[in-house]
Structure formats: structure tokens, C-alpha cells
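Here is the structure we will look at, set down as C-alpha cells.
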Amino acid sequence: MSNIAQKAYAAALTWYLDNGVDEALDGAPFDRTKVAANVSILQRKSGEEPASISGLSQAAKPSSRPASPDHLPLGASDARAESVKLAQAANTLEELREAIAAYDGIALKKTATNLVFCDGNPQAPIMLIGEAPGADEDRIGKPFVGQSGQLLDRILNCIGLDRTERDPAKSIYISNILNWRPPGNRTPSPGEVEASLPFIERHIQLARPKIIILCGGVSAKALLGRTDGITRMRKLWHGYQPQTAEFQAGAEIIPAIATYHPAYLLRTPSQKKAVWADMLMVQEKRKEINIL
Ligand code: URA
């Protein structure tokens with residue numbers, strides 16, 4: 001390969017990485033060696049010359065492979081019905097973790113390395129909910145352990161909270177809307193959020209926090225059932241109630257505040273003051289409900 005071609009390939013890979021494409025994955029496992037084999041069989045049958053992979057006929061391209069039962073995820077409504085059923089049956093956090101691990105309604109499970117369920121102190125009166133695990137969280141199996149998690153820890157330390165604290169009053173409990181990493185850290189799809197919502201809502205019911213911090217737009221929209229952007233939703237107290245109809249009966253209203261995601265702050269440090277204002281509101285609420 002010439003130097004110029006090498007540079008071009010390196011530049012293309014850097015561009016993919018910059019755009020979050022850091023995994024060579026299809027939506028489901030796919031054995032490309034079989035495509036090449038099938039194509040040459042087809043070609044031999046029809047007497048054609050072997051074609052390069054990029055010149056495959058539409059019928060032989062990976063995206064048009066016939067769907068086998070292994071490739072078909074549950075339909076969206078089945079996936080949601082199944083997650084509601086499994087979440088309802090879980091009566092402890094450990095049972096919920098097991099239910100999520102056993103759930104096959106989200107294809108992300110096949111591409112992720114670890115289930116990311118929680119970190120911090122489940123007795124803490126404050127629960128923080130982010131979006132989805134990234135590469136570091138997927139590797140380690142805990143939420144917010146990468147660069148944005150380190151910034152989050154520093155923010156929480158400023159209001160006297162530390163996820164490693166044994167004293168619940170000084171600790172925090174952390175989870176995400178999704179428990180599996182979307183490849184390349186892409187934004188979760190609406191279907192993935194819908195299928196995961198019953199699990200995080202049951203998670204909230206079992207952890208019984210007194211305050212919820214919603215970290216980023218995906219989390220705020222999903223749990224508040226809103227379509228507004230995060231900028232409109234922050235700076236206010238919301239009353240969180242389950243969006244999942246099956247969990248609404250007798251549910252307590254929990255004060256919830258939405259704030260910017262630390263990954264956004266890493267890209268836009270000028271917004272740190274906005275998050276500080278949100279954290280001061282959390283302090284006020286802690287005083288008001290006697291948990292400070
Ligand atoms: N971003 C999130 O929203 N959650 C994590 O756990 C890590 C990064």
C-alpha cells in the first residue's frame with residue numbers, strides 16, 4: 001500500500017473515531033465469510049466471474065440477508081411487555097439485576113461486554129440517573145467511571161456527596177436509563193429507551209430515593225415524559241411519577257431535577273456554572289426535606 005493510501009486510511013479511521021464509531025459492528029452478529037462463500041457458489045452456478053465484495057448484488061449484501069429467528073429482536077411492543085413483566089416480578093435490587101441480565105428484548109446485550117446496573121450506595125436518599133454506559137463503563141460494569149464520571153464525581157464532591165461513602169446521607173446511588181452500551185456511544189434509540197424504561201422505573205421504586213437527579217436530556221425526557229430540550233427542563237423541580245402505566249398505582253411523587261450531562265460539560269465548560277446552580281438547588285432541597 002502506498003504512503004498516500006495509508007495516510008488516507010488513517011485519516012478515515014480518525015474521522016470515524018472522532019464521530020464515535022469505535023467498533024466494527026453490525027446490529028447483530030454476522031459472519032461475513034459466509035457471504036463471500038455464498039456469493040462464489042451463486043456465481044459458479046450462474047457462470048459469472050467472481051465479484052469483489054463491494055460489487056455484490058443487492059441480494060447478496062449483508063443488509064439484505066434473510067432474517068433468521070436469531071437475527072430478529074422482539075417486536076417493540078413485545079419487548080416492552082416483557083420488560084414490564086420482568087421488572088414487576090423483581091422485588092429486590094439483586095432480582096432486578098438478574099431480570100435485566102436475562103432479558104433479550106434489547107439487541108445491545110449482544111454487543112456489550114458487561115451489564116451496567118448501578119454504583120454507589122443504594123441506601124442513599126439521592127439517586128442520579130444518566131443515559132447509557134460508555135466504553136469504560138462497559139469494560140468495568142459500573143456507571144460513570146470514565147472521563148465524564150470523573151467530572152461527575154468532582155461535581156458531587158462539591159456538594160458533599162461521594163458514591164464510595166458508607167454513610168447514606170453523604171453518599172449517592174447511580175444508574176442509567178440503559179444498562180447496556182450502545183456501540184460507538186451512539187444516542188439510545190427511542191425503542192431502546194422504551195424497552196428499558198420499566199427496568200429503571202422499577203429500579204427507582206426499589207431504591208426509594210427522596211431526590212432524583214436526571215443527568216442529560218435522554219434521562220430527563222424519558223423519566224419526565226417530556227419532549228423539551230434539557231435547557232428548558234433544568235433549573236426547575238419536577239415531580240417524578242412513573243411513566244410506565246403498570247407502575248403508577250400508589251406511586252409517590254419524588255422531587256426530580258434535570259441537569260446537563262458531564263460529557264456535555266467536558267465539551268462546553270462554560271456551562272459548568274449552570275450545573276453549579278442546579279447543585280445549589282439540590283442543597284436547598286436537601287435542607288428542606290431534612291436530609292442534609
Ligand atoms: N454517560 C452516562 O450517561 N452514563 C454512564 O454511565 C457513562 C456515561
Side-chain angles (χ1 to χ4, degrees), residues 17-23 93 96-97 100-101 106 108-109 111-122 124 126-157 161-164 171-197 199-201 203-204 207 209 211-224 226 229-231 233-234 240 256-269 271-272 274-275 278-279 282:
L17 280 173
D18 288 347
N19 285 282
V21 184
D22 58 0
E23 309 246 350
L93 291 172
L96 184 63
R97 181 201 289 267
I100 296 170
I106 294 190
L108 296 177
K109 179 178 162 181
T111 53
T113 309
N114 279 304
L115 168 71
V116 177
F117 184 65
C118 70
D119 197 17
N121 190 334
I126 306 183
M127 182 168 182
L128 179 139
I129 301 168
E131 177 178 318
D136 294 312
E137 291 76 19
D138 182 48
R139 194 167 39 80
I140 293 170
K142 287 186 178 176
F144 283 107
V145 291
Q147 230 194 332
S148 63
Q150 286 159 22
L151 176 56
L152 176 67
D153 282 339
R154 290 203 296 279
I155 294 169
L156 294 172
N157 290 168
L161 297 175
D162 181 340
R163 66 169 104 182
T164 64
S171 191
I172 184 152
Y173 187 55
I174 302 179
S175 189
N176 279 312
I177 300 287
L178 261 64
N179 299 99
W180 306 103
R181 180 196 183 209
N185 297 348
R186 64 164 169 72
T187 302
S189 71
E192 288 159 356
V193 171
E194 192 187 342
S196 305
L197 197 59
F199 289 126
I200 187 62
E201 297 215 292
H203 203 153
I204 295 168
I211 293 177
I212 298 175
I213 302 176
L214 301 166
C215 217
V218 169
S219 166
K221 283 181 196 175
L223 288 168
L224 299 176
R226 301 270 294 260
I230 180 75
T231 305
M233 286 188 281
R234 55 168 290 276
Y240 164 76
I257 192 165
T259 193
Y260 290 131
H261 195 285
Y264 171 68
L265 296 186
L266 289 171
R267 297 191 301 272
T268 322
Q271 291 294 0
K272 285 183 182 170
V275 172
D278 297 335
M279 293 304 109
V282 171

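Sequence positions, counted from 1, serve as the residue numbers for this chain. Values in this document were obtained by computation on a predicted structure and should not be read as measured data. Start at 1 and go down the list; that is how both ligands and their atoms are numbered.
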* Would you confirm whether D162, through its side chain, and N157, through its main-chain N or O, come within 3.5 Å as a donor-acceptor pair? => no
* List, ordered by chain and residue number, the protein residues whose closest non-hydrogen atom lies under 4.0 Å from any atom of ligand 1. => G130, E131, A132, E137, P143, F144, S148, N176, H261
* Exam field: side chain D138 to backbone T113, donor-acceptor pair closer than 3.5 Å -> yes
* Asked: Under 3.5 Å, is there a donor-acceptor pair between the side chain of K221 and the main chain of G229?
  -> no
* Mark yes or no for whether S175, through its side chain, and F117, through its backbone, hold a donor-acceptor pair below 3.5 Å. => yes
* **Y173 backbone acceptor or donor facing N121 side chain under 3.5 Å** => no
* Asked: Does any N or O in the side chain of E137 come within less than 3.5 Å of the main-chain N or O of V145, such that one atom is a donor and the other an acceptor?
  -> yes
